[in-house]
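To keep things clear, I will list the structure first and then write my remarks on it.
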Amino acid sequence: MKIKSINLLNYRNYSSFSTDFNPELNIFVGDNAQGKTNLLEAIYFMSTLRSFRTQNDRDLIKFDEEFFRIQCEIDTDVSTNKAQVVVLKNGKSIKINETMIRRSSDYIGTLNCVIFSPQDLNFFSDTPRTRRKFLDIEATKVSNKYLVALNHYFDVLKQRNALLKQPQIDEDVLSILTHQLIEDMWIIVDYRLKMVKSLNKKIKLLFKKLSQEDNSIDLQYQTEFTTDSEQEFKRLMHDRMKQNKMRDIYFKITHSGCHRDDLSAYMNTHELNQIASQGQKRLVLIALKLALVEFIYDKEQRNPILLLDDVFSELDQTHQQRFLENVPSDSQILLTTTSIDQLKELKRPMSVFEINKGQLITRRDLNG
Ligand SMILES: Nc1ncnc2c1ncn2[C@@H]1O[C@H](COP(=O)(O)OP(=O)(O)OP(=O)(O)O)[C@@H](O)[C@H]1O
Ligand SMILES: [Mg+2]
């Protein structure tokens, strides 16, 4: 999958912007605060319908404007699709090839991107919520069943917690909601377990190749019951919910469930955070993202687009080269940097875009 072109209207510091992209490597260069990350953010928005920097879509509308619009052309092996999203202060509308898309779930998957941004360096020291969100966002890109179960799970959880807050609790309703919660939970936990198992295999190899070190990386999904058996999971979970019932009612909150799970990383059986250097953490995160690229390929037989915000330029030349060797050869890469000096040496067809105050100043095509 490749992004062929983009057109922005009133997005962050872009009034009006349009360009097409190199199918291989795209480098956005410019001083600080010129709009490099904003551009990657707009592409990411077309992938997930959310930003990786803000929860609030309104922040993305150019100051003093009423809406923003992003249009892009996406090449797949079989066709070129046009996608458009318009975000107003009170809602958004989505189109693919002139057809209105009513539900976000029918849009997700149209453009598949994997992003690596500086915030990711705190990934394993951040709260479990960050890591669950990562698993959820990535799983929903490739599994509609997961997306449906996840949305339903959070609806039911909300209802259950609201019920627990009532002065008089209807036990029948509580038991129906508990049952529904466990039905969705199985789909979610089972998928996350399989996904982490697959990522784990891949990250081990990728980290070795990138670092050329002997350290072994291990990812583990932390959940209440790890089992392949749906029946056993549901039985154990029903028992657990029964045990928790009085506590849930007393504290007016649902204590057990996959909204409490976590993903941890170990380096040679020690917690990654406690022993890894900054450089090692960066490589683990890069290996994780590359593992994700392979995971998406396994599911879709298509490589996602790689968005690298400021990260690539932090690597030394040897690691940059190793990174590129481990990216599938037909993956499209878009990256930002404040200095092009080091990157000029890369032997790859590339386009270098100079960005200044939300405008494209120059574009140079190299090695083509
Ligand atoms: N809603 C908005 N409307 C207009 N301008 C905005 C909006 N949101 C952010 N900006 C501006 O966008 C600029 C930041 O853009 P961006 O984060 O893309 O910078 P950058 O080029 O990636 O810089 P750095 O190298 O520091 O990461 C800032 O000047 C900021 O004021
Ligand atoms: Mg930036």
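What's counted below: heavy atoms across the whole structure, side chains too, no hydrogens, waters or symmetry copies. Atoms within each ligand, like the ligands themselves, are counted from 1 in listed order.
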Quiz item: Salt bridge between Arg192 and Asp136, side-chain N to carboxylate O under 4.0 Å?
Solution: yes
Self-check item: Protein heavy-atom partner closest to atom 3 (N) of ligand 1 - residue, atom, separation in Å
Solution: Phe63 N, 2.9 Å
Exercise. Considering heavy atoms of the protein only, find what lies nearest to atom 1 (N) of ligand 1 and give residue, atom and distance to 0.1 Å.
Key: Ile61 O, 2.9 Å
Quiz item: Tell me, which protein residue and heavy-atom name are nearest atom 13 (C) of ligand 1, and how many Å apart are they?
Solution: Ala33 O, 3.8 Å
Quiz item: So which protein heavy atom does atom 17 (O) of ligand 1 come closest to, and at what separation?
Solution: Arg53 NH1, 3.1 Å
Practice problem: Using a 4.0 Å heavy-atom threshold (strictly under), name the region of Glu65 that reaches ligand 1: side chain, backbone, both or neither. | Solution: neither
Quiz item: Side chains of Asn200 and Asp218: donor-acceptor distance under 3.5 Å anywhere?
Solution: yes
Quiz item: So which bit of Asp309 gets within less than 4.0 Å of ligand 1, heavy atoms only: side chain, backbone, both or neither?
Solution: neither
Exercise. Identify which of Asn10, Thr37, Asn32, Leu39 has a heavy atom lying nearest to atom 26 (O) of ligand 1.
Key: Asn32
Exercise. Scan the protein's non-hydrogen atoms and note whether one is under 4.0 Å from atom 30 (C) of ligand 1.
Key: no
Solution key, residues 78-86 side-chain donor-acceptor pairs under 3.5 Å, sequence neighbours excluded:
{"from": "Thr80", "atom 1": "OG1", "to": "Asp75", "atom 2": "OD1", "distance (Å)": "2.6"}
{"from": "Asn81", "atom 1": "OD1", "to": "Asn97", "atom 2": "ND2", "distance (Å)": "3.0"}
{"from": "Gln84", "atom 1": "OE1", "to": "Gln71", "atom 2": "NE2", "distance (Å)": "2.8"}

Exercise. With rounding to the nearest 0.5 Å, note down the distance linking CD in Glu314 to CG in Leu308.
Key: 12.0 Å
Exercise. Determine whether the side chains of Gln280 and Glu213 contain a donor N or O and an acceptor N or O closer than 3.5 Å.
Key: yes
Self-check item: Residues Arg53 and Asn38: side-chain donor-acceptor under 3.5 angstrom
Solution: yes
Exercise. Measure the distance from atom 8 (N) of ligand 1 to every protein heavy atom, then report the residue, atom name and distance (to 0.1 Å) of the closest one.
Key: Arg12 CD, 3.2 Å
Quiz item: Between Asp64 and Lys62, is there a side-chain N and carboxylate O pair less than 4.0 Å apart?
Solution: no
Quiz item: Taking NZ, NE, NH1 and NH2 as the nitrogens, is one of them in Glu138 or Lys141 under 4.0 Å from a carboxylate oxygen of the other?
Solution: yes
Practice problem: Determine, considering heavy atoms only, which of Asn356, Asn38, Thr336 sits nearest to atom 16 (P) of ligand 1. | Solution: Asn38
Quiz item: When rounded to the nearest 0.5 angstrom, what is the spacing between CZ in Arg235 and OG in Ser229?
Solution: 8.0 Å
Quiz item: Do Asn22 and Asp365 have side-chain atoms, one donor and one acceptor, less than 3.5 Å apart?
Solution: no
Quiz prompt | Test of ring centre spacing under 6.0 Å for Phe116 and Phe323 | solution = no
Practice problem: Go through the side-chain N and O atoms of His152 and Asp184 and say whether any donor and acceptor fall under 3.5 Å apart. | Solution: yes
Quiz item: Nearest to atom 11 (C) of ligand 1, what protein heavy atom do you find, and at what distance?
Solution: Asn13 CB, 3.9 Å
Quiz prompt | Lys209 versus Gln212, closest heavy-atom pair with distance | solution = O-NE2, 3.2 Å
Quiz prompt | Nitrogen or oxygen of Asp59 less than 3.5 angstrom from that of ligand 1 | solution = yes
Practice problem: May I ask whether Gly30 has any heavy atom positioned less than 4.0 angstrom from an atom of ligand 1? | Solution: no
Quiz item: By residue and atom, what protein N/O/S atoms are less than 2.8 Å from the Mg ion (ligand 2)?
Solution: Thr37 OG1
Quiz item: Can you list the ligand 1 atoms lying under 4.0 Å from a non-hydrogen atom of Gln34?
Solution: 19 (O), 20 (P), 21 (O)
